[in-house]
Every structure is written in structure tokens, then in C-alpha cells.
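Here's the structure, in C-alpha cells; my notes come after.
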Amino acid sequence: MGRLEQRVALVSGAASGIGAAVVTALRAEGAIVVGGDIQEGEGCRYLDVTDPESVTAMVAHCVATHGKLDIVVNVAGIGVSRLIEDVPLEEWKRILDVNLTGTFLLSQAAVGEIRKTKGTIINMASVAGVRATPYNAAYCASKGGVIMLTKSMAIELASAGVRVNAICPASVDTPFLRNFEIPDGADMSLFDRARSPMGKLVDPAEVGATVVFLASDDAATMNGTALVIDGAATA
Ligand SMILES: NC(=O)c1ccc[n+]([C@@H]2O[C@H](COP(=O)([O-])OP(=O)(O)OC[C@H]3O[C@@H](n4cnc5c(N)ncnc54)[C@H](O)[C@@H]3O)[C@@H](O)[C@H]2O)c1
């Protein structure tokens with residue numbers, strides 16, 4: 001018997017990388033999973049986390065189809081690496097909009113249902129929200145924001161039996177990382193501080209397994225944490 005039998009989960013950013021691995025991991029533990037994304041993916045419904053109507057419709061779909069909502073995993077995210085002088089305002093806003101406001105919007109839309117089930121919300125932050133990397137101001141700011149959003153909601157919802165946690169992976173082997181371009185003029189020595197002493201990337205399945213743990217009763221008192229998976233990069 002899986003650890004998440006009968007639980008209904010909603011995962012954003014489910015079409016690719018970490019989101020797809022989270023869907024697989026939750027299903028393997030018996031959860032009923034609804035995935036959402038702006039791009040097509042196996043079993044994914046359309047979901048734009050920056051659109052209040054889209055997130056509301058997605059939560060309504062989960063409840064209408066499966067009767068309840070126990071787990072929300074906010075995975076959708078984007079990032080672009082640039083020198084600070086070169087960050088266009090629109091790009092800054094877009095990164096904050098998807099990573100931070102999108103996490104807020106889906107959590108806010110779901111929280112009424114999550115209160116009913118004494119469920120849980122898990123946010124994909126990043127090690128970049130704990131220890132900054134250069135040429136990534138908007139991304140680092142957004143992920144730092146996700147961690148504080150997580151902690152604030154955890155305190156606010158604790159007495160209702162709702163847990164809210166964040167996961168902070170270092171570099172995970174996904175399309176996001178493979179498409180990552182270091183801008184011209186970057187000082188490569190500034191990246192040394194972010195290097196993992198283990199010298200390896202994080203496997204998306206490891207992030208999926210961490211989501212399962214945080215969603216399960218094994219983590220019944222874990223609340224408001226920002227759980228780092230970084231091979232000791234920030235140790
Ligand atoms: N890959 C890494 O090294 C790494 C490390 C730490 C944290 N993260 C975080 O993990 C999350 C997933 O990253 P990934 O590596 O799987 O990236 P990815 O690019 O493979 O997947 C991200 C998914 O989010 C979706 N998405 C983007 N905008 C969206 C929107 N407005 N609404 C709904 N879906 C949207 C994309 O279509 C894509 O399917 C992101 O939040 C990212 O910041 C990634």
C-alpha cells in the first residue's frame with residue numbers, strides 16, 4: 001500500500017523536468033494526481049499559474065472530478081540569466097510573476113479546499129533562494145520570496161492542521177538546466193561558491209521522493225521548512 005493512497009494532488013509545471021518527476025513519484029505512492037502546465041504534457045491539463053481564472057478553474061476541476069484536494073505542489077517556474085544592467089523590466093516582472101505570484105495564486109485558490117482536508121502545500125523554491133548566484137537577480141529574488149511565502153503561510157495555517165513546506169534543490173538535470181545560458185561578460189569565478197562538493201547534479205526523481213516524504217504522514221510535524229537538496233553546496 002502506498003503512502004498517499006486516496007490523496008488527491010495537484011501539480012503545476014507538470015509537463016517537464018521536476019514537475020513530471022513529482023507526478024510519477026506521487027502516483028507511485030497511490031495518489032490521484034492532476035497535472036497542469038502551459039505546455040502540453042502527458043496527462044496534463046492547461047494551467048497558467050499567472051492567471052487567477054486559470055488557477056481557480058484548475059482547483060474547481062480537481063474537486064469536481066475527485067471530490068477533494070489534499071496536496072498542492074507548486075513546481076511551475078522559469079529563469080533567465082543576465083547581467084543586472086541588462087535585465088529588461090518585462091523579464092523581471094515575468095520571472096516574479098510565474099515563480100512567486102504564480103505560487104501565491106495557486107496556493108490561495110486551493111487553500112479553502114486544503115483546509116477542508118487538512119492537506120499540505122509544497123513549493124519548489126531553489127537553493128538560489130537561500131544562497132544567491134550571480135546574473136540571476138530576478139530568479140534569486142523570486143525564490144527567496146517563495147521561501148518566505150512558504151513560512152508565512154505555514155505559521156498562518158498551522159492551527160488548521162495544514163502544512164506548507166518548500167524544497168530548495170541545487171542544479172537538477174532537467175530541460176531548464178540544459179537550456180541555461182551564462183551571459184557574455186560573466187565572471188565565471190563567481191560560480192565557484194555554488195558548486196556542489198559532491199560534483200553531481202540532483203536527479204529529478206530525488207526531488208519527487210522529497211515531495212512524497214513532505215506530503216506523507218511521515219512528515220506530520222514538518223512545517224514551514226525550506227528543505228535543501230544540494231550535495232552540501234550551502235553547508
Ligand atoms: N532544474 C534546476 O536546476 C532547478 C533547481 C532548483 C529549482 N528548480 C525549480 O524547479 C521548478 C521546475 O524546474 P524544471 O527544472 O523542472 O524546469 P522545466 O523548464 O523542465 O519545467 C518547468 C515547467 O513549468 C512550466 N511553466 C512555465 N510557466 C508556467 C506557467 N505560467 N504556468 C504553468 N506552468 C508553467 C513549463 O511549461 C515547464 O513545463 C522551477 O520552479 C525551477 O525554478 C529547478
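Atoms within each ligand, like the ligands themselves, are counted from 1 in listed order. Numbering starts at 1 and runs along the sequence shown. Every value quoted in this text rests on a predicted model; they were computed, and no experiment measured them.
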Legend entry - Salt bridge present between E113 and K116 (N-O < 4.0 angstrom): yes
What about [X]: any of its N or O atoms under 3.5 Å from an N or O on ligand 1?
| X | answer |
| --- | --- |
| A15 | no |
| V75 | yes |
| T50 | no |
| I78 | no |
| N99 | no |

For [atom], closest protein heavy-atom neighbour:
| atom | answer |
| --- | --- |
| atom 18 (P) of ligand 1 | S16 OG, 3.6 Å |
| atom 34 (N) of ligand 1 | A76 CB, 3.4 Å |
| atom 1 (N) of ligand 1 | T174 OG1, 3.1 Å |
| atom 37 (O) of ligand 1 | D37 OD1, 2.6 Å |
| atom 32 (N) of ligand 1 | V49 N, 3.1 Å |
| atom 13 (O) of ligand 1 | I18 CD1, 4.0 Å |
| atom 31 (N) of ligand 1 | D48 OD1, 2.9 Å |
| atom 22 (C) of ligand 1 | G77 O, 3.8 Å |

Checking the side chain of [X] only, and the main-chain atoms of [Y] only, is there a donor and an acceptor separated by less than 3.5 Å?
| X | Y | result |
| --- | --- | --- |
| T117 | L69 | yes |
| D218 | F213 | no |
| T120 | R163 | yes |

Legend entry - Reference residue S12; test side-chain contact (heavy atoms from CB on, under 4.5 Å); the match among V22, D48, L106, L105: L106
Which one of [options] has a non-hydrogen atom at the shortest distance from [atom]?
| atom | options | value |
| --- | --- | --- |
| atom 7 (C) of ligand 1 | G13, G79, A125 | A125 |
| atom 43 (O) of ligand 1 | F176, Y139, F180 | Y139 |
| atom 33 (C) of ligand 1 | L47, D173, V127 | L47 |
| atom 29 (C) of ligand 1 | I38, N179, V55 | I38 |

Inset, instruction - Classify the ring geometry between H61 and H66 as parallel (under 30°), tilted (30 to 60°) or perpendicular (over 60°). - result: perpendicular
Legend entry - Test side-chain contact (heavy atoms from CB on, under 4.5 Å) applied to A20 - qualifying residues, sequence neighbours left out: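 For A20, no residue satisfies side-chain contact (heavy atoms from CB on, under 4.5 Å) once neighbours in sequence are set aside.
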Inset, instruction - Kindly write out the residues that satisfy side-chain contact (heavy atoms from CB on, under 4.5 Å) with Q39, not counting sequence neighbours, or none if the list is empty. - result: A15, S16, D37
Does ligand 1 have a heavy atom under 4.0 Å from the side chain of [X], from its backbone, from both, or from neither?
| X | value |
| --- | --- |
| S12 | neither |
| V202 | neither |
| V172 | both |
| A128 | neither |

Inset, instruction - I would like to know whether V73 and L26 meet side-chain contact (heavy atoms from CB on, under 4.5 Å); could you show each step before the answer? - result: CA-CA 10 Å; V73 193; L26 291 170; 4.2 Å; yes
Legend entry - Interatomic spacing from CZ in R94 to CG in N99 - rounded to 0.5 Å: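 Answer rounded to 0.5 Å: 9.5 Å.
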With atoms numbered from 1 as shown, which atoms in ligand 1 lie under 4.0 angstrom from a non-hydrogen atom of [X]?
| X | answer |
| --- | --- |
| S171 | 3 (O) |
| A170 | 3 (O), 5 (C), 6 (C) |
| G17 | 16 (O), 20 (O) |
| Q39 | 36 (C), 37 (O), 38 (C), 39 (O) |
| P169 | 5 (C), 6 (C), 7 (C) |
| V98 | 28 (N) |

Legend entry - Y139-F176 aromatic ring centre distance below 6.0 Å: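 Yes; F176 has its ring centre under 6.0 Å from that of Y139.
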Check whether [X] and [Y] end up in the same hydrophobic cluster, where Ile, Leu, Val, Met, Phe, Trp and Tyr are linked by side-chain heavy atoms less than 4.5 Å apart.
| X | Y | answer |
| --- | --- | --- |
| V130 | V207 | no |
| I71 | V211 | yes |
| L4 | V63 | no |

Inset, instruction - Please tell me if the side chains of K143 and C168 come closer than 4.5 Å, counting only heavy atoms from C-beta onward. - result: no
Legend entry - Donor-acceptor side-chain pairing of N123 and T103 below 3.5 angstrom: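 Side-chain D/A pair, N123 to T103: absent.
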